[in-house]
Protein chains: 2
Amino acid sequence: MTEAERPGQGRRVLIVDDEPDLRELLSTSLSFAGFEVAVASNGNTALAQVADFAPDVVVLDVQMPDMDGFTVTRKVRARGHTMPIVFLTARDTTDDAVAGLTVGGDDYVTKPFSLAELVARIVAVLRRSDSTRVESPSLQVGDLVLDDDAHEVTRAGKTIDLSPTEFTLLRFLMENAGRVLSKSKILDHVWEYQWDGDGAIVETYMSYLRKKIDTPFDTPLLHTKRGVGYMVKDPS
Amino acid sequence: MTEAERPGQGRRVLIVDDEPDLRELLSTSLSFAGFEVAVASNGNTALAQVADFAPDVVVLDVQMPDMDGFTVTRKVRARGHTMPIVFLTARDTTDDAVAGLTVGGDDYVTKPFSLAELVARIVAVLRRSDSTRVESPSLQVGDLVLDDDAHEVTRAGKTIDLSPTEFTLLRFLMENAGRVLSKSKILDHVWEYQWDGDGAIVETYMSYLRKKIDTPFDTPLLHTKRGVGYMVKDPS
DNA sequence: GGCGATTCTCAGCAAACTCTCAGGATCAGG
DNA sequence: CCTGATCCTGAGAGTTTGCTGAGAATCGCC
């Protein structure tokens, strides 16, 4: 397996959340992304795990019954741990509350989020926190280039404007270039978890992407495998 | 027997289903595919078997009377087991019930399915869950190459477009290259189980395949053994 | 508040796909 | 060479799948 397919290869992540279902979802998908995973269901366990497991990054739900994310963060920092933290916040969390959280290399994601987006954020804070790990932040398929840091896509040198969803979808396809992805797999990764729509939305967005990425150029990069799914593929 | 002919060689699979007939069918055909097989008819037995038998992969029916597949999955994961799971779902299952099944290394197959398709999915999740097992994902017979990831077939470097059924049929033939397969055996593996049509459909699809794979080229790879069945064979 | 961008649903259309059938070709055995 | 069995293949009906434009609802930003 290549690096792009297992973006968390060799990295340790601690998941802190009181909801069993969400913990389970994150654990499964981050494991598969190549991370070594530990979980904690409350603040005290989290503090113990930070010391024992020595994670490279923490995913922390800020709304927990016994000890909120602010308190956990303060205690973690007070003990001298400096690893980045990705906070999970409710959509209605106020801006200044979030601003107070995300100092330094930290980041946050609002619930409900898409798995592809969360993994991308985790990988991003890891890259920023570790200057020794100079890893190309851009994906490339043929003459199509996606730069994650700049959040920019170009084809044949020409900048292409994408909406947030289009960008996440394209990144997921490019991370899996040369492999067919079913509509349900795309839904599960690119759309918010527990999304209850059907695959029609994926068809619509593939149509949007094609109009921007394939139609203005000679060689199509996006391919439909009827009855199976979609794929981006290097033409050579 | 070669690796390609026994795709499950040395791997352990646990089958969890409450329907005795389906359990029997799966047990038989996965054994034949080279898997070591254990079965369970309900959730509790399944949990015990996961611990005792230590399967590399689980095939799990999501609709069971005592404990549904999601509950079984949660309990399995809660105990720290990370092996991939292939879920069996009814075709009319609402989309939100299926949502989230394809995160991580898991996959799902809708009932009724074809055995060849199920085995292919099982092999695929196993390959992706185990990065140490660097195994070629493509089958090759002469200059004919079938790439399972890209769901793509080429002959002499030229891409050949196949429908889903044509693809499954060709893969089944190529997995058994050099061996004659009877029409009824092909029906049993490539078409949905309990298919009630006769072998005429196989003749039709062999004709489709020939038109795409043999007719445009010099050397025929698909051969008819009159009164016995069909075979694909390396010309050399 | 207003306006454009974005997200999502939906329905009509086009194309692909599956399967049946029947006439014709081919083969094996006598 | 005859004959029945087997297989091949083209035509076509019925179904499924995917594409796309239109429009409603929402979001974000001035």
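Reminder, nothing fancy here: chain letters follow the sequence lines and each chain counts from 1.
Aromatic ring orientation, A:Y205 versus A:W191: perpendicular (interplanar angle above 60°, classes split at 30° and 60°).
One atom, CG of B:L187, and another, C1' of C:dT20, lie 14 Å apart when rounded to the nearest Å. Rounded to an integer number of Å, the gap from CD of A:E203 to P of D:dG21 is 14 Å. One interatomic measurement links the two molecules: CG of A:D198 to P of D:dT16, which rounds to 16 Å at whole-angstrom precision. Nucleotide D:dG18 holds its C1' atom 15 Å from the CD1 atom of A:I201, rounded to whole Å. If you measure from atom NZ of B:K211 to atom P of C:dC17, you get 13 Å, rounded to the nearest angstrom. Between the P atom of D:dG18 and the CE atom of A:M206 lies a distance of 12 Å, rounded to the nearest Å. Atom CD1 of A:I186 is separated from atom P of C:dC8 by 15 Å (rounded to the nearest Å). Between the C1' atom of D:dA5 and the NZ atom of B:K225 lies a distance of 19 Å, rounded to the nearest Å.
There is no side-chain donor-acceptor pair under 3.5 Å between B:T165 and B:S163.
B:R77 has a carboxylate O that lies under 4.0 Å from a charged side-chain N of B:D106, or vice versa, which qualifies the two as a salt bridge. A salt bridge links A:R127 with A:D149: the distance from a Lys NZ or Arg NE/NH1/NH2 to an Asp or Glu carboxylate oxygen falls below 4.0 Å. Ion pairing between a basic and an acidic side chain is recognised when a charged N comes within 4.0 Å of a carboxylate O; B:E192 and B:R91 show such pairing.
One finds no side-chain N or O of B:Y208 lying less than 4.0 angstrom from the OP1 or OP2 phosphate oxygen of D:dT9. Within the 4.0 Å cut-off from OP1 or OP2 of C:dC19, at least one side-chain nitrogen or oxygen of B:W191 is found. Checking the phosphate oxygens (OP1, OP2) of D:dC7, no side-chain nitrogen or oxygen of B:T224 falls inside 4.0 Å. Between B:K183 and D:dT6 there is no side-chain polar atom (N or O) within less than 4.0 angstrom of OP1 or OP2. A sub-4.0 Å separation between OP1 or OP2 of C:dC19 and a side-chain N or O of B:T204 is absent.
When heavy atoms are screened at a 4.0 angstrom cut-off, A:F167 is found touching no nucleic acid atom at all.
Which of D:dG18, C:dT7, D:dT9 sits closest to the side chain of A:R226 comes down to D:dG18. Proximity note for A:W195 (side chain, C-beta onward) versus C:dC19, D:dC19, C:dT9: the nearest is C:dT9. In the set C:dT6, C:dC21, D:dC7, the nucleotide with an atom closest to the side chain of A:S163 is C:dT6. In the set D:dC19, D:dT9, C:dC17, D:dC19 carries the atom at the smallest distance from any side-chain atom of A:Y230. Distances were taken from every side-chain heavy atom of A:T165 (C-beta onward) to each of C:dT7, D:dG18, D:dT9; the shortest belongs to C:dT7.
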